[in-house]
Participant: 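Just dropping this structure here.
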There are 2 protein chains.
Amino acid sequence: MAITWQDIHKEALERIHSRDWAPGALIPNEADLAAELGCSRATVNRALRALAEDGWLERRRKAGTRVAMAPQRRARLAIPILREAVEARGQSFAHSLLSRETEAMPPLERALLGLSAEAVTQRVRTLFLADGQPYALEDRWVHLDGAPGFAAQELKEVCANEWLVQHTPFARGTMDYLASPAGPFEARHLGCPEGTALLAMERATFSPDTAVTFVRTHFAPGHRVRLEL
Amino acid sequence: MAITWQDIHKEALERIHSRDWAPGALIPNEADLAAELGCSRATVNRALRALAEDGWLERRRKAGTRVAMAPQRRARLAIPILREAVEARGQSFAHSLLSRETEAMPPLERALLGLSAEAVTQRVRTLFLADGQPYALEDRWVHLDGAPGFAAQELKEVCANEWLVQHTPFARGTMDYLASPAGPFEARHLGCPEGTALLAMERATFSPDTAVTFVRTHFAPGHRVRLEL
DNA sequence: TAGTGGTCTAGACCACGGC
DNA sequence: CCGTGGTCTAGACCACTAG
(Lines give C-alpha, C1' and ligand atoms only; values in the text may rest on other atoms or scores of the structure.)
Protein backbone atom coordinates (compact mmCIF):
# COMPACT_ATOMS: atom_id res chain seq x y z
CA MET A 1 0.00 0.00 0.00
CA ALA A 2 1.67 3.17 -1.14
CA ILE A 3 -1.07 5.75 -1.46
CA THR A 4 -2.69 6.99 1.73
CA TRP A 5 -5.72 9.21 1.96
CA GLN A 6 -3.46 11.93 3.36
CA ASP A 7 -1.43 11.79 0.14
CA ILE A 8 -4.55 12.37 -1.86
CA HIS A 9 -5.69 15.08 0.53
CA LYS A 10 -2.41 16.88 0.02
CA GLU A 11 -2.39 16.37 -3.73
CA ALA A 12 -5.91 17.72 -4.02
CA LEU A 13 -5.07 20.77 -1.94
CA GLU A 14 -2.13 21.44 -4.23
CA ARG A 15 -4.34 21.25 -7.27
CA ILE A 16 -6.73 23.67 -5.62
CA HIS A 17 -3.97 26.07 -4.66
CA SER A 18 -2.39 25.93 -8.08
CA ARG A 19 -5.81 26.58 -9.61
CA ASP A 20 -5.40 23.42 -11.59
CA TRP A 21 -8.78 22.86 -10.03
CA ALA A 22 -10.23 26.36 -10.08
CA PRO A 23 -12.93 27.64 -7.75
CA GLY A 24 -16.30 26.52 -8.99
CA ALA A 25 -14.86 23.91 -11.32
CA LEU A 26 -15.97 20.31 -11.39
CA ILE A 27 -13.28 17.82 -10.47
CA PRO A 28 -13.10 14.20 -11.67
CA ASN A 29 -15.35 11.73 -9.95
CA GLU A 30 -14.10 9.32 -7.34
CA ALA A 31 -13.78 6.34 -9.63
CA ASP A 32 -11.69 8.26 -12.15
CA LEU A 33 -9.44 9.70 -9.48
CA ALA A 34 -8.94 6.29 -7.95
CA ALA A 35 -7.86 4.95 -11.33
CA GLU A 36 -5.60 7.93 -11.97
CA LEU A 37 -3.94 7.75 -8.58
CA GLY A 38 -3.80 4.00 -8.40
CA CYS A 39 -5.77 3.40 -5.26
CA SER A 40 -9.23 2.29 -4.26
CA ARG A 41 -12.28 4.47 -4.43
CA ALA A 42 -12.68 4.34 -0.66
CA THR A 43 -9.34 6.02 -0.18
CA VAL A 44 -10.25 8.81 -2.56
CA ASN A 45 -13.57 9.18 -0.80
CA ARG A 46 -11.88 9.56 2.57
CA ALA A 47 -9.65 12.35 1.28
CA LEU A 48 -12.36 14.25 -0.57
CA ARG A 49 -14.76 13.94 2.31
CA ALA A 50 -12.21 15.50 4.64
CA LEU A 51 -11.73 18.38 2.21
CA ALA A 52 -15.47 18.88 1.97
CA GLU A 53 -15.79 18.97 5.75
CA ASP A 54 -13.23 21.75 5.87
CA GLY A 55 -15.07 23.71 3.24
CA TRP A 56 -12.68 23.26 0.32
CA LEU A 57 -15.00 21.17 -1.79
CA GLU A 58 -18.73 20.94 -2.27
CA ARG A 59 -20.09 17.52 -3.04
CA ARG A 60 -23.50 16.49 -4.29
CA ARG A 61 -24.68 13.17 -5.53
CA LYS A 62 -25.01 13.02 -9.23
CA ALA A 63 -23.83 16.63 -9.54
CA GLY A 64 -20.29 15.67 -8.62
CA THR A 65 -17.63 17.48 -6.67
CA ARG A 66 -16.74 21.13 -7.14
CA VAL A 67 -14.11 23.39 -5.67
CA ALA A 68 -15.84 25.81 -3.33
CA MET A 69 -16.12 29.36 -4.63
CA ALA A 70 -14.83 30.74 -1.35
CA PRO A 71 -12.51 28.01 -0.13
CA GLN A 72 -11.60 27.38 3.46
CA ARG A 73 -14.63 28.63 5.23
CA ARG A 74 -14.73 26.46 8.28
CA ALA A 75 -12.50 26.39 11.30
CA ARG A 76 -12.46 24.37 14.45
CA LEU A 77 -12.64 26.20 17.70
CA ALA A 78 -11.63 24.55 20.91
CA ILE A 79 -14.13 25.64 23.52
CA PRO A 80 -12.11 27.23 26.27
CA ILE A 81 -11.97 25.56 29.65
CA LEU A 82 -10.76 28.49 31.72
CA ARG A 83 -8.42 26.51 33.91
CA GLU A 84 -6.74 24.83 30.98
CA ALA A 85 -6.46 28.00 28.95
CA VAL A 86 -4.62 29.64 31.81
CA GLU A 87 -2.43 26.71 32.72
CA ALA A 88 -1.52 26.16 29.09
CA ARG A 89 0.17 29.55 29.20
CA GLY A 90 2.20 28.44 32.17
CA GLN A 91 0.30 30.63 34.60
CA SER A 92 -1.20 29.67 37.90
CA PHE A 93 -4.96 29.39 38.01
CA ALA A 94 -7.21 30.44 40.83
CA HIS A 95 -10.83 31.29 41.26
CA SER A 96 -12.75 33.13 43.88
CA LEU A 97 -16.45 32.83 44.59
CA LEU A 98 -17.81 36.36 44.71
CA SER A 99 -21.45 35.66 45.39
CA ARG A 100 -23.98 32.89 45.41
CA GLU A 101 -27.64 33.49 45.97
CA THR A 102 -31.00 32.13 45.00
CA GLU A 103 -32.25 34.66 42.53
CA ALA A 104 -34.74 34.68 39.70
CA MET A 105 -33.30 35.06 36.23
CA PRO A 106 -33.95 38.27 34.32
CA PRO A 107 -36.66 37.77 31.69
CA LEU A 108 -34.30 37.93 28.73
CA GLU A 109 -32.01 35.19 29.91
CA ARG A 110 -34.94 33.17 31.16
CA ALA A 111 -36.56 33.27 27.75
CA LEU A 112 -33.32 32.15 26.17
CA LEU A 113 -33.33 29.04 28.32
CA GLY A 114 -37.05 28.56 27.83
CA LEU A 115 -37.79 28.61 31.55
CA SER A 116 -40.95 29.74 33.27
CA ALA A 117 -40.98 32.44 35.94
CA GLU A 118 -41.40 29.74 38.58
CA ALA A 119 -38.14 28.00 37.80
CA VAL A 120 -35.77 28.10 40.76
CA THR A 121 -32.37 29.38 39.82
CA GLN A 122 -29.20 30.21 41.62
CA ARG A 123 -26.89 33.02 40.60
CA VAL A 124 -23.18 32.44 41.04
CA ARG A 125 -20.50 34.99 40.33
CA THR A 126 -16.88 33.94 40.12
CA LEU A 127 -13.64 35.72 39.43
CA PHE A 128 -10.87 33.82 37.71
CA LEU A 129 -7.25 34.75 38.19
CA ALA A 130 -4.16 33.98 36.15
CA ASP A 131 -0.97 34.47 38.11
CA GLY A 132 -3.00 36.52 40.54
CA GLN A 133 -4.24 38.91 37.87
CA PRO A 134 -7.91 39.11 36.90
CA TYR A 135 -8.55 36.93 33.90
CA ALA A 136 -12.29 36.57 33.57
CA LEU A 137 -15.46 37.34 35.45
CA GLU A 138 -18.26 34.85 35.26
CA ASP A 139 -21.91 35.60 35.97
CA ARG A 140 -23.89 32.40 35.95
CA TRP A 141 -27.45 31.29 36.52
CA VAL A 142 -28.00 27.65 37.27
CA HIS A 143 -31.39 26.01 36.89
CA LEU A 144 -31.49 23.73 39.90
CA ASP A 145 -33.90 21.23 38.34
CA GLY A 146 -31.50 20.87 35.44
CA ALA A 147 -28.44 20.36 37.61
CA PRO A 148 -29.32 17.97 40.44
CA GLY A 149 -26.77 18.09 43.20
CA PHE A 150 -25.56 21.56 42.42
CA ALA A 151 -27.30 23.22 45.33
CA ALA A 152 -25.58 20.90 47.78
CA GLN A 153 -22.17 21.50 46.30
CA GLU A 154 -19.66 23.74 47.96
CA LEU A 155 -17.82 25.76 45.39
CA LYS A 156 -14.60 26.35 47.25
CA GLU A 157 -12.33 23.81 45.60
CA VAL A 158 -14.24 23.09 42.44
CA CYS A 159 -15.72 26.09 40.71
CA ALA A 160 -19.23 26.08 39.25
CA ASN A 161 -17.79 25.90 35.78
CA GLU A 162 -15.91 22.68 36.42
CA TRP A 163 -18.58 21.09 38.54
CA LEU A 164 -21.14 21.51 35.81
CA VAL A 165 -18.82 20.27 33.11
CA GLN A 166 -18.14 17.13 35.09
CA HIS A 167 -21.62 16.41 36.34
CA THR A 168 -23.88 17.47 33.55
CA PRO A 169 -24.13 15.25 30.52
CA PHE A 170 -25.05 18.08 28.24
CA ALA A 171 -25.84 17.64 24.64
CA ARG A 172 -26.29 21.02 23.06
CA GLY A 173 -26.14 24.72 23.55
CA THR A 174 -25.15 27.96 22.01
CA MET A 175 -22.17 30.18 22.49
CA ASP A 176 -21.94 33.80 21.44
CA TYR A 177 -19.03 36.17 21.49
CA LEU A 178 -19.76 39.86 21.69
CA ALA A 179 -18.29 43.12 22.88
CA SER A 180 -19.64 44.72 26.01
CA PRO A 181 -18.66 47.79 28.00
CA ALA A 182 -17.48 47.20 31.55
CA GLY A 183 -20.11 48.06 34.13
CA PRO A 184 -19.26 49.02 37.70
CA PHE A 185 -19.07 45.39 38.75
CA GLU A 186 -16.78 44.32 35.93
CA ALA A 187 -14.65 47.42 36.34
CA ARG A 188 -14.10 46.74 40.01
CA HIS A 189 -13.19 43.09 39.67
CA LEU A 190 -11.28 43.19 36.43
CA GLY A 191 -9.43 46.32 37.43
CA CYS A 192 -10.33 48.55 34.51
CA PRO A 193 -12.24 51.79 34.05
CA GLU A 194 -15.98 51.62 33.57
CA GLY A 195 -16.92 51.59 29.93
CA THR A 196 -13.81 49.68 28.84
CA ALA A 197 -14.54 47.52 25.80
CA LEU A 198 -14.50 43.92 26.97
CA LEU A 199 -14.85 40.70 25.09
CA ALA A 200 -17.72 38.69 26.48
CA MET A 201 -19.04 35.23 25.96
CA GLU A 202 -22.62 34.15 26.51
CA ARG A 203 -23.39 30.51 26.72
CA ALA A 204 -26.61 28.60 27.19
CA THR A 205 -26.42 24.92 28.02
CA PHE A 206 -29.16 22.32 27.78
CA SER A 207 -28.97 18.79 29.05
CA PRO A 208 -30.81 17.13 26.23
CA ASP A 209 -34.13 18.75 27.02
CA THR A 210 -33.89 20.75 30.21
CA ALA A 211 -32.09 24.02 30.54
CA VAL A 212 -29.06 23.78 32.78
CA THR A 213 -27.27 27.07 32.90
CA PHE A 214 -26.77 30.43 31.31
CA VAL A 215 -23.43 32.08 31.76
CA ARG A 216 -22.03 35.43 30.75
CA THR A 217 -18.27 35.74 31.01
CA HIS A 218 -16.41 39.00 30.68
CA PHE A 219 -12.74 38.66 29.88
CA ALA A 220 -10.07 41.02 31.09
CA PRO A 221 -9.15 43.85 28.69
CA GLY A 222 -7.06 42.72 25.75
CA HIS A 223 -8.36 39.17 25.69
CA ARG A 224 -8.62 37.51 22.27
CA VAL A 225 -10.15 34.41 20.86
CA ARG A 226 -7.89 32.91 18.26
CA LEU A 227 -8.87 30.57 15.47
CA GLU A 228 -6.22 28.79 13.46
CA LEU A 229 -7.20 28.29 9.86
CA MET B 1 -27.50 -3.46 5.63
CA ALA B 2 -29.25 -2.37 8.77
CA ILE B 3 -26.65 -0.65 10.93
CA THR B 4 -25.21 2.63 9.69
CA TRP B 5 -22.35 4.51 11.25
CA GLN B 6 -24.84 7.22 12.20
CA ASP B 7 -26.74 4.65 14.24
CA ILE B 8 -23.60 3.79 16.13
CA HIS B 9 -22.74 7.45 16.51
CA LYS B 10 -26.12 8.08 18.07
CA GLU B 11 -25.98 5.00 20.26
CA ALA B 12 -22.54 5.95 21.54
CA LEU B 13 -23.66 9.49 22.33
CA GLU B 14 -26.56 8.07 24.30
CA ARG B 15 -24.25 5.88 26.30
CA ILE B 16 -22.08 8.89 27.02
CA HIS B 17 -25.03 11.04 28.03
CA SER B 18 -26.50 8.34 30.22
CA ARG B 19 -23.07 7.93 31.84
CA ASP B 20 -23.22 4.30 30.87
CA TRP B 21 -19.85 5.28 29.48
CA ALA B 22 -18.66 7.72 32.12
CA PRO B 23 -16.13 10.48 31.54
CA GLY B 24 -12.65 9.04 31.66
CA ALA B 25 -13.83 5.45 31.32
CA LEU B 26 -12.47 3.04 28.78
CA ILE B 27 -15.02 1.82 26.26
CA PRO B 28 -14.92 -1.52 24.43
CA ASN B 29 -12.56 -1.80 21.52
CA GLU B 30 -13.71 -1.62 17.94
CA ALA B 31 -13.77 -5.33 17.34
CA ASP B 32 -15.91 -6.00 20.39
CA LEU B 33 -18.32 -3.22 19.54
CA ALA B 34 -18.63 -4.48 16.00
CA ALA B 35 -19.51 -7.91 17.30
CA GLU B 36 -21.95 -6.53 19.84
CA LEU B 37 -23.70 -4.28 17.34
CA GLY B 38 -23.60 -6.73 14.49
CA CYS B 39 -21.66 -4.72 11.95
CA SER B 40 -18.17 -4.53 10.57
CA ARG B 41 -15.28 -2.93 12.38
CA ALA B 42 -14.98 -0.24 9.71
CA THR B 43 -18.45 1.01 10.51
CA VAL B 44 -17.66 1.25 14.18
CA ASN B 45 -14.44 3.01 13.35
CA ARG B 46 -16.24 5.60 11.27
CA ALA B 47 -18.62 6.43 14.12
CA LEU B 48 -16.00 6.55 16.85
CA ARG B 49 -13.66 8.62 14.72
CA ALA B 50 -16.38 11.20 14.20
CA LEU B 51 -16.99 11.35 17.95
CA ALA B 52 -13.29 11.77 18.59
CA GLU B 53 -13.09 14.62 16.08
CA ASP B 54 -15.84 16.40 17.94
CA GLY B 55 -14.07 15.96 21.23
CA TRP B 56 -16.32 13.35 22.83
CA LEU B 57 -13.78 10.56 22.80
CA GLU B 58 -10.03 10.31 23.09
CA ARG B 59 -8.44 7.53 21.17
CA ARG B 60 -4.94 6.13 21.37
CA ARG B 61 -3.52 3.03 19.83
CA LYS B 62 -3.04 0.26 22.28
CA ALA B 63 -4.43 2.40 25.09
CA GLY B 64 -7.93 2.19 23.67
CA THR B 65 -10.78 4.68 23.55
CA ARG B 66 -11.89 6.74 26.51
CA VAL B 67 -14.72 9.19 27.06
CA ALA B 68 -13.25 12.67 27.28
CA MET B 69 -13.18 14.15 30.77
CA ALA B 70 -14.72 17.38 29.52
CA PRO B 71 -16.84 16.23 26.60
CA GLN B 72 -17.82 18.35 23.67
CA ARG B 73 -15.04 20.81 23.52
CA ARG B 74 -14.86 21.55 19.85
CA ALA B 75 -17.16 23.48 17.64
CA ARG B 76 -17.16 24.33 14.00
CA LEU B 77 -17.26 27.93 13.05
CA ALA B 78 -18.25 29.00 9.60
CA ILE B 79 -15.94 31.84 8.67
CA PRO B 80 -18.19 34.71 7.77
CA ILE B 81 -18.25 35.98 4.23
CA LEU B 82 -19.78 39.37 4.80
CA ARG B 83 -21.99 39.36 1.76
CA GLU B 84 -23.42 35.96 2.54
CA ALA B 85 -23.93 36.69 6.22
CA VAL B 86 -25.99 39.72 5.32
CA GLU B 87 -27.93 38.15 2.48
CA ALA B 88 -28.67 35.09 4.59
CA ARG B 89 -30.69 37.36 6.85
CA GLY B 90 -32.69 38.56 3.91
CA GLN B 91 -31.08 41.96 3.86
CA SER B 92 -29.58 43.79 0.94
CA PHE B 93 -25.81 44.01 0.81
CA ALA B 94 -23.76 46.95 -0.31
CA HIS B 95 -20.23 48.16 0.15
CA SER B 96 -18.56 51.46 -0.28
CA LEU B 97 -14.88 52.09 -0.83
CA LEU B 98 -13.84 54.75 1.66
CA SER B 99 -10.17 55.06 0.85
CA ARG B 100 -7.39 53.37 -1.04
CA GLU B 101 -3.83 54.49 -0.84
CA THR B 102 -0.32 53.15 -0.98
CA GLU B 103 0.76 53.23 2.59
CA ALA B 104 3.31 51.42 4.69
CA MET B 105 1.96 49.08 7.32
CA PRO B 106 2.37 49.98 10.97
CA PRO B 107 5.18 47.97 12.57
CA LEU B 108 2.93 45.76 14.64
CA GLU B 109 0.85 44.51 11.75
CA ARG B 110 3.94 44.25 9.56
CA ALA B 111 5.61 42.02 12.11
CA LEU B 112 2.55 39.83 12.26
CA LEU B 113 2.75 39.23 8.54
CA GLY B 114 6.53 38.86 8.70
CA LEU B 115 7.15 41.61 6.16
CA SER B 116 10.15 43.89 5.90
CA ALA B 117 9.87 47.66 5.98
CA GLU B 118 10.46 47.72 2.21
CA ALA B 119 7.37 45.70 1.36
CA VAL B 120 4.91 47.70 -0.71
CA THR B 121 1.44 47.63 0.73
CA GLN B 122 -1.85 49.23 -0.07
CA ARG B 123 -4.38 50.24 2.53
CA VAL B 124 -8.04 49.85 1.65
CA ARG B 125 -10.91 50.87 3.85
CA THR B 126 -14.41 49.69 3.10
CA LEU B 127 -17.78 50.15 4.72
CA PHE B 128 -20.31 47.36 4.44
CA LEU B 129 -24.02 48.04 4.63
CA ALA B 130 -26.95 45.79 5.37
CA ASP B 131 -30.24 47.26 4.19
CA GLY B 132 -28.46 50.60 4.05
CA GLN B 133 -27.39 50.44 7.69
CA PRO B 134 -23.72 50.20 8.66
CA TYR B 135 -22.79 46.59 9.24
CA ALA B 136 -19.02 46.43 9.35
CA LEU B 137 -16.00 48.59 8.73
CA GLU B 138 -12.97 46.97 7.20
CA ASP B 139 -9.43 48.31 7.39
CA ARG B 140 -7.15 46.25 5.20
CA TRP B 141 -3.53 46.18 4.16
CA VAL B 142 -2.67 44.25 1.05
CA HIS B 143 0.86 43.11 0.30
CA LEU B 144 1.08 43.71 -3.43
CA ASP B 145 3.74 41.07 -4.03
CA GLY B 146 1.48 38.55 -2.37
CA ALA B 147 -1.59 39.49 -4.39
CA PRO B 148 -0.59 39.93 -8.03
CA GLY B 149 -3.20 41.79 -9.99
CA PHE B 150 -4.70 43.52 -7.00
CA ALA B 151 -3.18 46.91 -7.77
CA ALA B 152 -4.79 46.91 -11.20
CA GLN B 153 -8.18 45.99 -9.88
CA GLU B 154 -10.94 48.53 -9.55
CA LEU B 155 -12.88 47.91 -6.39
CA LYS B 156 -16.21 49.36 -7.42
CA GLU B 157 -18.18 46.24 -8.18
CA VAL B 158 -16.12 43.64 -6.42
CA CYS B 159 -14.86 44.61 -2.99
CA ALA B 160 -11.33 43.86 -1.84
CA ASN B 161 -12.63 41.12 0.37
CA GLU B 162 -14.23 39.20 -2.45
CA TRP B 163 -11.49 39.84 -4.96
CA LEU B 164 -8.89 38.40 -2.64
CA VAL B 165 -10.99 35.39 -1.76
CA GLN B 166 -11.46 34.60 -5.40
CA HIS B 167 -7.96 35.31 -6.65
CA THR B 168 -5.71 34.24 -3.85
CA PRO B 169 -5.13 30.57 -3.34
CA PHE B 170 -4.46 30.95 0.34
CA ALA B 171 -3.60 28.12 2.57
CA ARG B 172 -3.39 29.33 6.11
CA GLY B 173 -3.86 32.24 8.43
CA THR B 174 -5.09 33.29 11.80
CA MET B 175 -8.26 34.93 12.92
CA ASP B 176 -8.77 36.67 16.23
CA TYR B 177 -11.89 38.10 17.78
CA LEU B 178 -11.49 40.88 20.29
CA ALA B 179 -13.28 43.86 21.74
CA SER B 180 -12.19 47.33 20.75
CA PRO B 181 -13.51 50.80 21.52
CA ALA B 182 -14.76 52.82 18.57
CA GLY B 183 -12.30 55.48 17.48
CA PRO B 184 -13.34 58.64 15.64
CA PHE B 185 -13.24 56.84 12.30
CA GLU B 186 -15.32 53.89 13.43
CA ALA B 187 -17.75 56.15 15.27
CA ARG B 188 -18.35 58.26 12.19
CA HIS B 189 -18.92 55.41 9.78
CA LEU B 190 -20.73 52.97 12.04
CA GLY B 191 -22.89 55.71 13.49
CA CYS B 192 -22.11 55.24 17.16
CA PRO B 193 -20.46 57.33 19.87
CA GLU B 194 -16.71 57.21 20.26
CA GLY B 195 -15.66 54.66 22.79
CA THR B 196 -18.55 52.30 22.09
CA ALA B 197 -17.51 48.69 22.69
CA LEU B 198 -17.27 47.01 19.30
CA LEU B 199 -16.58 43.45 18.33
CA ALA B 200 -13.58 43.33 16.04
CA MET B 201 -11.94 40.65 13.98
CA GLU B 202 -8.30 40.60 12.96
CA ARG B 203 -7.20 38.29 10.26
CA ALA B 204 -3.85 37.56 8.70
CA THR B 205 -3.72 35.59 5.48
CA PHE B 206 -0.76 33.84 3.91
CA SER B 207 -0.66 32.30 0.49
CA PRO B 208 1.39 29.26 1.34
CA ASP B 209 4.54 31.23 2.09
CA THR B 210 3.99 34.88 1.29
CA ALA B 211 1.93 37.24 3.33
CA VAL B 212 -1.14 38.43 1.47
CA THR B 213 -3.21 40.64 3.65
CA PHE B 214 -3.99 41.80 7.14
CA VAL B 215 -7.47 42.98 7.87
CA ARG B 216 -9.15 44.46 10.91
CA THR B 217 -12.91 44.53 10.79
CA HIS B 218 -15.05 46.40 13.29
CA PHE B 219 -18.64 45.27 13.44
CA ALA B 220 -21.55 47.56 14.19
CA PRO B 221 -22.65 47.72 17.83
CA GLY B 222 -24.54 44.66 19.00
CA HIS B 223 -22.92 42.26 16.58
CA ARG B 224 -22.40 38.68 17.79
CA VAL B 225 -20.56 35.66 16.63
CA ARG B 226 -22.57 32.57 17.30
CA LEU B 227 -21.27 29.05 17.60
CA GLU B 228 -23.68 26.13 17.62
CA LEU B 229 -22.55 23.29 19.78
C1' DT C 1 5.72 -7.68 22.63
C1' DA C 2 1.12 -7.85 22.12
C1' DG C 3 -3.19 -5.17 21.77
C1' DT C 4 -5.42 -1.29 19.78
C1' DG C 5 -6.66 1.97 16.50
C1' DG C 6 -5.40 3.52 11.54
C1' DT C 7 -5.84 2.48 7.04
C1' DC C 8 -6.27 0.16 2.34
C1' DT C 9 -8.71 -2.97 -0.79
C1' DA C 10 -12.19 -4.89 -3.83
C1' DG C 11 -16.63 -5.41 -4.33
C1' DA C 12 -21.32 -4.31 -3.56
C1' DC C 13 -25.80 -1.91 -2.93
C1' DC C 14 -28.26 2.21 -2.36
C1' DA C 15 -30.10 7.21 -2.08
C1' DC C 16 -30.19 11.27 -4.12
C1' DG C 17 -31.11 14.30 -7.59
C1' DG C 18 -29.66 16.33 -12.33
C1' DC C 19 -31.42 15.61 -16.78
C1' DC D 1 -33.23 7.35 -16.05
C1' DC D 2 -28.76 6.66 -14.50
C1' DG D 3 -24.37 8.82 -12.85
C1' DT D 4 -22.44 10.28 -8.55
C1' DG D 5 -21.36 10.19 -3.95
C1' DG D 6 -22.56 7.60 0.58
C1' DT D 7 -21.93 3.65 2.89
C1' DC D 8 -21.22 -1.36 4.43
C1' DT D 9 -18.44 -5.61 4.36
C1' DA D 10 -14.75 -8.88 5.17
C1' DG D 11 -10.26 -9.32 5.32
C1' DA D 12 -5.72 -7.72 5.69
C1' DC D 13 -1.48 -5.31 7.08
C1' DC D 14 0.59 -1.77 9.66
C1' DA D 15 1.97 1.93 13.26
C1' DC D 16 2.01 3.13 17.54
C1' DT D 17 2.61 2.49 22.34
C1' DA D 18 1.38 0.78 27.05
C1' DG D 19 2.94 -2.48 30.09
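Each chain gets a letter, A, B and so on, in the order its sequence line appears, and its residues count up from 1.
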Participant: For the pair B:Tyr135 and B:His223, evaluate side-chain contact (heavy atoms from CB on, under 4.5 Å) and give the outcome as yes or no after the intermediate values.
Facilitator: CA-CA 9 Å; B:Tyr135 179 79; B:His223 189 89; 3.2 Å; yes
Participant: Nearest whole angstrom, please: distance from the P of D:dG3 to the CG of A:Asp32.
Facilitator: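 After rounding, the reported distance stands at 12 Å.
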Participant: From the set D:dG5, C:dA2, C:dG5, return the single nucleotide nearest to any side-chain atom of B:Lys62.
Facilitator: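 Taking heavy atoms from C-beta onward, the closest nucleotide is C:dA2.
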Participant: What is the nucleic acid contact for A:Ala42, judged by heavy atoms within less than 4.0 Å: base, sugar-phosphate only, or nothing?
Facilitator: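 Result for A:Ala42 = base.
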Participant: If you look at every strand shown and take non-hydrogen atoms under 4.0 Å, does A:Arg41 touch a base, only sugar-phosphate, or nothing?
Facilitator: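 Base: the residue A:Arg41, judged by heavy atoms under 4.0 Å, touches a nucleobase.
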Participant: Just the rounded figure in Å: distance from P of D:dT7 to CG of B:Asp7.
Facilitator: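 Taking CG of B:Asp7 and P of D:dT7, I get 12 Å after rounding.
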Participant: Testing the basics here: between B:Leu113 and B:Phe206, what is the closest heavy-atom pair and its distance to 0.1 Å?
Facilitator: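 Result for this residue pair: O-CE2, 3.5 Å.
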Participant: Using a strict cut-off of less than 4.0 Å between a Lys/Arg side-chain nitrogen and an Asp/Glu carboxylate oxygen, indicate whether B:Glu53 and A:Arg49 qualify as a salt bridge.
Facilitator: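 No salt bridge links B:Glu53 with A:Arg49.
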Participant: Tell me which donor-acceptor pairs under 3.5 Å the side chains of residues 88-96 of chain A have, and how far apart each pair is, sequence neighbours excluded?
Facilitator:
| unit_1 | atom_1 | unit_2 | atom_2 | d |
| --- | --- | --- | --- | --- |
| A:Arg89 | NE | A:Gln91 | OE1 | 3.2 |
| A:Arg89 | NH2 | A:Gln91 | OE1 | 2.6 |
| A:Ser92 | OG | A:Asp131 | N | 3.4 |
| A:Ser92 | OG | A:Asp131 | OD1 | 3.2 |
| A:His95 | NE2 | A:Glu157 | O | 3.0 |

Participant: Start at the 5' end of DNA chain C and walk down; is the nucleotide closest to B:Ala63 or to A:Ala63 reached first?
Facilitator: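 Here B:Ala63 is the residue nearer the 5' end.
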Participant: Can you check the A:Ile3 CD1 to C:dA10 C1' distance for me, whole Å?
Facilitator: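 Distance check: A:Ile3 CD1 to C:dA10 C1' gives 17 Å.
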Participant: Could you check how far CD of A:Glu30 sits from P of C:dG11, rounded to whole Å?
Facilitator: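 Result: 16 Å.
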Participant: To the nearest Å, how far apart are A:Leu33 CG and D:dT4 P?
Facilitator: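 My rounded result for the distance is 12 Å.
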Participant: Given that both pair distances must be under 3.5 Å and the pair must be Watson-Crick or G-U, what runs of three or more consecutive pairs involve DNA chain D?
Facilitator: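 Stems found: C:1-18 with D:1-18.
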Participant: Specify the closest pair of heavy atoms between A:Leu51 and A:Ala12, including all atoms of both residues, with the distance to one decimal.
Facilitator: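 In terms of heavy atoms, the two residues are closest at CD1-CB, 3.5 Å.
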Participant: What verdict does the side-chain contact (heavy atoms from CB on, under 4.5 Å) test give for A:Leu37 and A:Thr43, after you've listed the backbone C-alpha separation in whole Å, the side-chain angles of each residue and the deciding distance to 0.1 Å?
Facilitator: CA-CA 10 Å; A:Leu37 299 169; A:Thr43 307; over 6 Å; no
Participant: Can you tell me which nucleotide in D:dT4, C:dC8, C:dG5 comes closest to the side chain of A:Ser40?
Facilitator: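 Closest nucleotide among those given: C:dC8.
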Participant: Report the distance from atom CZ of A:Arg61 to atom C1' of D:dC2, rounded to the nearest whole Å.
Facilitator: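 Interatomic distance, CZ of A:Arg61 to C1' of D:dC2: 14 Å.
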Participant: From the list C:dC8, D:dG5, D:dC16, which nucleotide is the closest neighbour of the side chain of A:Trp5?
Facilitator: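 Given the options C:dC8, D:dG5, D:dC16, the side chain of A:Trp5 is closest to C:dC8.
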Participant: Would you tell me if any nitrogen or oxygen in the side chain of A:Asn45 comes within less than 4.0 Å of OP1 or OP2 on D:dG6?
Facilitator: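 Result: yes.
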Participant: It should be established whether B:Arg60 places a side-chain nitrogen or oxygen under 4.0 Å from OP1 or OP2 of nucleotide D:dA18.
Facilitator: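 The answer is yes; a side-chain N or O of B:Arg60 sits under 4.0 Å from OP1 or OP2.
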Participant: Please tell me which of A:Cys39 and B:Arg59 maps to the more 5' nucleotide of DNA chain C, matching each residue to the nucleotide holding its nearest heavy atom.
Facilitator: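 Closest to the 5' end, via its nearest nucleotide, is B:Arg59.
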Participant: What integer distance in Å separates B:Arg49:CZ from D:dT7:C1'?
Facilitator: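 Checked: the CZ to C1' distance equals 12 Å.
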Participant: Could you tell me how far apart B:Glu58 (CD) and C:dG5 (C1') are, to the nearest whole angstrom?
Facilitator: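 To the nearest whole Å, that distance equals 15 Å.
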Participant: Looking at D:dT7, D:dA18, D:dC2, which one has an atom nearest to any side-chain atom of B:Gln6?
Facilitator: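 Comparing D:dT7, D:dA18, D:dC2 against the side chain of B:Gln6, the answer is D:dT7.
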Participant: May I ask you to verify if any side-chain N or O of B:Thr4 is less than 4.0 angstrom from the OP1 or OP2 atom of D:dG6?
Facilitator: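 No, B:Thr4 has no side-chain N/O under 4.0 Å of OP1/OP2 on D:dG6.
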Participant: Is the side chain of B:Ser207 donor-acceptor paired with the backbone N or O of B:Thr210 at a distance under 3.5 Å, no angle test?
Facilitator: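 Side chain of B:Ser207 to backbone of B:Thr210, a donor-acceptor pair under 3.5 Å: no, none is there.
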Participant: Working to the nearest 0.5 Å, report the span between CG of B:Asp7 and SG of B:Cys39.
Facilitator: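 These two atoms lie 9.0 Å from each other.
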